[in-house]
2 protein chains.
Amino acid sequence: MASRPKATILDIAREAGVSKSTVSLVLQGSGLIRPETALKVRKAIEDVGYVYNRGAANLRKAHSNVIGMVINDLTNPFFAELAVGMERVFQSAGIVPFIANTAENPVRQEEVLKSLMEQGVAGLIVSPARGTTPGAFRRLETAGVPVVFAMRRLPDSRIPVIAPDNHRGAYLAAAHLIGKGHRRLAFFGGTSDLVVYQERLGGFREACETLGIARRDVLVVEGETSRRGGIACLETALAMPEPPTAALCFNDAVAFGVMLALRKRGLEPGADFAVVGFDDVVEAEHYMPALTSVSVDTAGLGERAAHVMLKMIQSRTTRAEDHIGAVNLVVRESCGPDRRTQNRPAGMGDAA
Amino acid sequence: MASRPKATILDIAREAGVSKSTVSLVLQGSGLIRPETALKVRKAIEDVGYVYNRGAANLRKAHSNVIGMVINDLTNPFFAELAVGMERVFQSAGIVPFIANTAENPVRQEEVLKSLMEQGVAGLIVSPARGTTPGAFRRLETAGVPVVFAMRRLPDSRIPVIAPDNHRGAYLAAAHLIGKGHRRLAFFGGTSDLVVYQERLGGFREACETLGIARRDVLVVEGETSRRGGIACLETALAMPEPPTAALCFNDAVAFGVMLALRKRGLEPGADFAVVGFDDVVEAEHYMPALTSVSVDTAGLGERAAHVMLKMIQSRTTRAEDHIGAVNLVVRESCGPDRRTQNRPAGMGDAA
DNA sequence: TCCTATAAATGGAACGTTCCAATAAATCAA
DNA sequence: TTGATTTATTGGAACGTTCCATTTATAGGA
């Protein structure tokens with residue numbers, strides 16, 4: 001149980017009758033070593049139960065192979081999808097990304113960033129917590145650690161951003177609702193301290209203006225970006241003298257909450273009140289009714305972010321182009337009484 | 001941009017006019033240093049933009065403060081909840097846990113474990129991937145790294161396990177269904193290579209036997225532990241000559257799939273076919289109809305696992321007691337036509 | 001045969017910390 | 001004043017790697 005002092009390359013060297021340098025070379029897969037020697041060394045490695053000490057190695061090598069992923073809300077499946085996309089590309093690059101959750105808490109985020117820096121990360125992909133102060137990433141910048149923002153951005157920072165075209169997505173969604181004949185629209189959920197919020201709300205507003213919806217007929221209700229937030233938003237909206245007949249929600253979680261609240265009131269989402277989500281998480285398709293949502297190709301954005309990160313590390317730069325991902329509206333059943341236009345859920349159960 | 005060579009304690013020492021040892025002591029918050037000296041040093045640390053090199057420190061200190069969390073499926077909200085529970089306790093211990101996803105892939109799991117070991121983790125909380133080979137954790141054991149299994153266990157290993165009482169949970173659920181008058185029951189989803197599966201199925205079977213359900217009236221359909229798996233299970237079951245009228249699902253994801261498939265066939269979950277889930281993820285309560293499920297207090301188990309881990313590290317042992325968490329059946333709307341017994345979703349929207 | 005070129009293996013310094021043992025300074029008892 | 005004790009500070013040797021500069025072995029060319 002009480003583990004003996006752990007083996008080092010010197011133990012291996014002794015065991016295999018070679019020098020530590022040779023062992024090091026073998027460990028790095030250098031071609032300079034004679035195959036038979038390499039084999040002998042590898043056997044010794046196995047025998048002594050050696051585990052590589054990356055900390056010691058990093059002491060010489062300047063930068064590690066650890067990439068950190070800092071996520072603001074792990075319980076939102078949306079971010080899990082993002083993470084999965086990133087992992088796909090890191091995996092094929094032989095890198096294991098470490099994920100850390102900040103739970104939307106800037107203080108926690110500071111701790112997490114500090115810890116990752118101390119660990120000597122090679123780069124960081126971050127979806128910053130709400131309320132992140134402008135200076136939070138100064139440390140990283142002065143240390144020259146490559147950072148990429150995913151999905152969210154900070155008001156004015158030079159850090160590259162990988163995000164969907166929020167403005168356009170919201171525009172499309174609003175235009176769709178207006179096209180369905182809705183004249184009193186609402187935007188539900190989110191808070192104005194988020195840049196994403198500004199973008200989505202901006203697209204929504206632009207559509208309303210362009211397509212002739214009077215200013216007083218658009219209602220904006222801020223709220224938590226969760227089911228609970230959606231429920232609250234709907235209650236607020238329906239309490240108005242002239243309530244809206246359709247809503248674009250900040251994200252799918254809010255939309256689910258809205259649909260739930262509608263049902264609670266005996267209203268049918270889609271028929272009695274149109275709701276559109278944003279992000280198109282996997283659940284959207286499986287909801288009842290299936291949720292119309294703005295698809296942002298989450299996993300694709302994750303992959304993109306990972307690629308950008310890899311390139312930054314490789315070229316030792318801390319700069320990169322922003323990348324705005326294409327979006328498209330996936331029309332399902334939750335957005336208006338006209339059901340002729342609905343998409344079928346992607347090929348499952350059709351044979352039954 | 002091209003970061004100057006990063007500052008070390010020697011730079012700080014020079015800047016503050018003290019020795020490196022003094023700086024080191026300050027960094028560790030030692031009381032041996034005169035407050036004014038400490039202040040001077042701290043100022044220098046700020047000035048040179050120093051970041052602590054934990055790798056170098058670990059070279060001397062033998063054990064790090066990194067704890068790894070290895071999770072088999074990050075996209076299952078269930079595991080996110082588990083992670084959140086653990087984070088709560090680690091946070092208050094000043095530890096930032098690193099999460100890594102294995103995506104239910106044993107090969108990936110090997111890589112992840114290797115990487116974490118090389119990083120010099122102080123301990124590991126693992127929910128092992130399906131198909132993990134018995135030897136996968138031998139390395140960790142010989143290295144003396146404390147490991148705790150969460151939710152899942154391996155057939156015969158001495159590694160402590162934190163998990164819910166699967167047998168009892170399944171028993172309760174089955175008994176409930178039988179109490180509702182169901183006589184032909186099914187168990188949906190999961191595969192027999194999982195110990196959890198054996199446990200849950202075991203409880204289910206015991207209830208059936210004890211409460212007088214004939215062997216030929218219980219149907220077991222293995223399948224993926226996902227929505228998709230649930231859909232498939234239902235299709236299979238309904239194709240039988242005498243299909244079941246109720247099912248206990250391996251987990252909530254499967255249950256959601258089953259409900260979806262029922263709807264697709266024009267059947268109403270709850271009224272036409274009773275379905276019970278397992279895990280009681282947050283969505284269960286918000287589903288339509290709300291899902292009856294076995295609640296396992298996921299976050300609580302996460303906390304427990306973290307506590308056990310902390311204790312193991314502290315006492316330098318690799319052994320600990322198993323911990324089997326209490327479960328209880330949360331009856332909602334998805335399990336039978338008798339709606340008088342249903343629970344109300346926890347206090348939201350009641351005022352409307 | 002000797003010389004050169006290439007291949008394979010090696011010793012030692014460095015990386016940024018910690019911590020022990022030692023020193024220097026300050027305080028106290030006599 | 002001196003010596004003993006306490007309080008602050010410090011130098012140096014680790015820790016486990018990498019990598020440069022060397023050395024040693026092997027092969028090829030004349």
Side-chain angles (χ1 to χ4, degrees), chain A residues 3-42 44-45 48-66 114-115 117-122 143, chain B residues 3-42 44-45 48-66 114-115 117-122 143:
Chain A
S3 54
R4 55 192 133 64
K6 39 176 155 288
T8 76
I9 51 170
L10 281 120
D11 299 309
I12 299 169
R14 199 177 319 113
E15 182 83 8
V18 297
S19 79
K20 62 175 171 40
S21 304
T22 305
V23 177
S24 174
L25 258 3
V26 171
L27 249 16
Q28 295 169 80
S30 162
L32 287 178
I33 304 296
R34 200 150 42 106
E36 323 150 39
T37 313
L39 212 69
K40 202 169 53 179
V41 170
R42 263 188 272 272
I45 288 176
V48 302
Y50 170 75
V51 355
Y52 184 74
N53 184 333
R54 209 168 278 279
N58 287 163
L59 217 43
R60 292 284 329 224
K61 290 216 295 190
H63 62 254
S64 72
N65 73 152
V66 176
K114 178 151 172 275
S115 179
M117 286 202 70
E118 292 180 357
Q119 229 57 239
V121 288
Chain B
S3 54
R4 53 192 135 64
K6 38 177 155 285
T8 77
I9 52 169
L10 281 119
D11 299 308
I12 299 171
R14 197 174 323 112
E15 181 83 9
V18 297
S19 79
K20 62 174 170 43
S21 303
T22 304
V23 177
S24 174
L25 258 2
V26 171
L27 249 18
Q28 295 168 81
S30 160
L32 287 178
I33 304 295
R34 202 155 38 111
E36 324 150 40
T37 312
L39 212 69
K40 202 168 51 180
V41 171
R42 262 188 271 275
I45 288 176
V48 302
Y50 170 76
V51 354
Y52 184 74
N53 185 333
R54 209 169 278 279
N58 287 163
L59 216 44
R60 291 288 326 233
K61 291 216 295 190
H63 60 260
S64 73
N65 73 154
V66 177
K114 179 152 168 275
S115 178
M117 284 201 72
E118 292 181 358
Q119 230 55 239
V121 288

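Chain naming here is simple, since letters A, B, ... match the order of the sequence lines and numbering starts at 1 in each.
The listed nucleotides are C:dG12, C:dC15, C:dT18; the one nearest the side chain of B:K20 is C:dT18. Comparing atom distances between the B:Y52 side chain and each of C:dT18, D:dG16, D:dT18 picks out C:dT18 as nearest. When distances run from any side-chain atom of B:R60 to the nucleotides D:dT10, D:dA14, D:dT17, the shortest one goes to D:dA14.
Backbone-only engagement by B:I33 is indicated by non-hydrogen atom pairs under 4.0 Å involving sugar-phosphate atoms exclusively. Residue A:L27 is classed as having no contact, given no heavy-atom separation below 4.0 Å to the nucleic acid.
Protein atom CG of B:L25 is 13 Å distant from nucleotide atom C1' of C:dT17, rounded to whole Å. Look at NZ on A:K61: it is 13 Å from C1' on D:dG16, rounded to the nearest Å. One atom, CD of B:E36, and another, C1' of C:dA26, lie 13 Å apart when rounded to the nearest Å. The interatomic distance linking B:L32 (CG) with C:dA22 (C1') rounds to 15 Å, in whole Å. In this structure, CD1 of A:I9 is placed 6 Å from P of D:dT18, rounded to the nearest angstrom. If you take CG of B:N53 and C1' of C:dA14, they are 14 Å apart, rounded to a whole angstrom. B:I12 places its CD1 atom 11 Å from the P atom of C:dT18, with the value rounded to the nearest Å. Between A:D11 atom CG and D:dC15 atom P there is a gap of 11 Å when expressed in whole angstrom units.
Here the shortest heavy-atom pairing between A:L27 and A:Y50 reads CD2-OH, 3.8 Å. The two atoms that bring B:N53 and B:G55 nearest to each other are OD1-N, 3.0 Å, heavy atoms only. Taking all atoms of both residues into account, the shortest heavy-atom contact from A:L59 to B:A56 is CD1-CB, 3.5 Å.
Taking 4.0 angstrom as the limit, A:T37 places a side-chain polar atom (N or O) nearer than this to OP1 or OP2 of C:dA9. When the side-chain nitrogen and oxygen atoms of B:S21 are compared with OP1 and OP2 of D:dT10, none of them lie within a distance under 4.0 Å. Phosphate proximity of D:dA8 to B:T22: absent, as no side-chain N or O sits under 4.0 Å from OP1 or OP2. In this structure, A:S24 does not reach the D:dT17 phosphate: none of its side-chain N or O atoms is under 4.0 Å from OP1 or OP2. Taking only side-chain nitrogens and oxygens, B:R54 never comes nearer than 4.0 Å to OP1 or OP2 of C:dT17. The phosphate of D:dG16 (OP1 or OP2) has no side-chain N or O of A:T8 nearer than 4.0 angstrom. For B:Q28, no side-chain nitrogen or oxygen approaches OP1 or OP2 of C:dT17 to under 4.0 Å.
A side-chain contact (heavy atoms from CB on, under 4.5 Å) with B:Y52 is found for exactly one of A:M117, A:E118, A:Q119, namely A:E118. For the side-chain contact (heavy atoms from CB on, under 4.5 Å) criterion with A:I33, the lone passing option out of A:V23, A:V18, A:T22 is A:T22.
Ion pairing of A:E36 with A:K40 is absent here, as no side-chain N (NZ or NE/NH1/NH2) approaches a carboxylate O to less than 4.0 Å.
Heavy-atom nearest nucleotides on DNA chain D were determined for B:G17 and for B:L59, and the one closer to the 5' end corresponds to B:G17.
Judged by distance alone, with hydrogens and angles left aside, A:R34 brings no side-chain donor or acceptor close enough to the base of C:dA8 to form a pair under 3.5 Å.
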